[in-house]
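So the structure is just underneath, and the comments pick up after that.
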Amino acid sequence: MVKKRLEKQLRTTYKLFRTINPEHLLDILKSHQKLDCKVGYDEKGKALDFTIYDKSGYVFKSGEIANDIGVLQNPELFESGFTQMYSESEQLQLELQRCIKEAYRSTYQSFRSKLLFSDHIHRIPIKAIAAEMARSERFLFLQKYLHTDNRELGKLIRAQFDIVKHEIYGTELMREERQLKIKADLVKKIDRQTTVQYNKATNNPFRAFAKPWN
């Protein structure tokens, strides 16, 4: 199970990058996946392999995780000497969507508003979301290795903004409506129980003979 999880994490990171300088791999895996790693080199300074030190305590060389995931098995990814993300990759789109979702939630928590979350999503402007994103570790990681100017980065964010807004607005609205229905049903149940108990008390045949308290 640990190897499968690590393989999934590594492949997810690989999908983000066009090329990776092995010297940057430690920072990339630490920032993106919270994984500790060490890259092994030969006497000429060429990267040969990497070792993952997992939080579970296990230590694996790349070949022990998957036989096609190491440095030498992926020359197009590791041999250029540069680190560059895929600006067109589906994985980058997913990462930006996660940044936007996290920004919606963190702004909602920091505002401490009495609004429902769905109302917050509907009302808050994109500039406030972008400002919140710019402070997040995930976004700073993407910005560091994407190597693009603010204008192009803004285009990438805007392309995902409406998608995320509509998705989480619809999801939260449905969740809030379900919660409201549950509360309404509970109130009705309590009201019915109270009515039944009252009717039983008022229809008690011995009530007329009961003496008042002195």
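In this structure, the side chains of Val71 and Phe50 come closer than 4.5 Å at one or more pairs of heavy atoms. Looking at heavy atoms from C-beta onward, Phe82 lies out of side-chain contact with Ile20 at the 4.5 angstrom threshold. When side chains are defined from C-beta on, Leu180 does not count as touching Arg175, because their heavy atoms never get closer than 4.5 Å. With a 4.5 Å cut-off on side-chain heavy atoms, Val164 and Tyr169 do not count as touching.
Scored by the side chain to side chain contact (heavy atoms under 4.5 Å, CB included) test, Asp49 finds Lys61, Ser62 as partners (sequence neighbours excluded). Listed by chain and residue number, nothing satisfies the side-chain hydrogen bond (donor to acceptor under 3.5 Å, both in side chains) test with Gln109 (two or more places apart in sequence, or in another chain). Judged as a side chain to side chain contact (heavy atoms under 4.5 Å, CB included), and not counting sequence neighbours, the contacts of Asp162 are His166. Partners of Glu137 by side-chain hydrogen bond (donor to acceptor under 3.5 Å, both in side chains), not counting sequence neighbours, listed by chain and number: Lys34.
The pair Asp36-Lys55 does not count as a salt bridge, with every side-chain nitrogen at least 4.0 angstrom from each carboxylate oxygen.
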Result block: side-chain N/O donor-acceptor pairs under 3.5 angstrom for residues 95-102, not counting sequence neighbours:
from	atom 1	to	atom 2	distance (Å)
Glu95	OE1	Arg138	NH1	3.3
Glu95	OE2	His32	NE2	2.8
Glu95	OE2	Gln91	NE2	3.2
Gln97	NE2	Gln160	OE1	2.7
Lys101	NZ	Glu167	OE2	3.2
Glu102	OE1	Arg138	NE	3.4
Glu102	OE2	Arg138	NE	3.2
Glu102	OE2	Arg138	NH2	3.0

Less than 3.5 Å apart, which donor and acceptor atoms pair up between the side chains of residues 117-131 and the rest of the protein, not counting sequence neighbours?
from	atom 1	to	atom 2	distance (Å)
Ser118	OG	Glu176	OE1	2.5
His120	NE2	Thr107	OG1	3.0
His120	NE2	Tyr108	N	3.4

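Listed for the Asn74 side chain is a donor-acceptor partner under 3.5 Å among the backbone atoms of Asp68.
The OG1 atom of Thr83 sits 9.5 Å away from the CE atom of Met85 when rounded to the nearest 0.5 Å. Rounding to the nearest 0.5 angstrom, the gap separating the NE2 atom in His24 from the CZ atom in Phe17 is 10.0 Å. For the atom pair CG of Leu153 and CE of Met133, the computed distance is 7.5 Å after rounding to the nearest 0.5 Å.
Phe60 and Tyr58 have their aromatic ring centers within a separation under 6.0 angstrom.
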For a side-chain contact (heavy atoms from CB on, under 4.5 Å) check, start with the C-alpha distance between Cys37 and Leu25, then their side-chain angles and the critical distance, and finish with the verdict. CA-CA 8 Å; Cys37 85; Leu25 189 61; 4.3 Å; yes

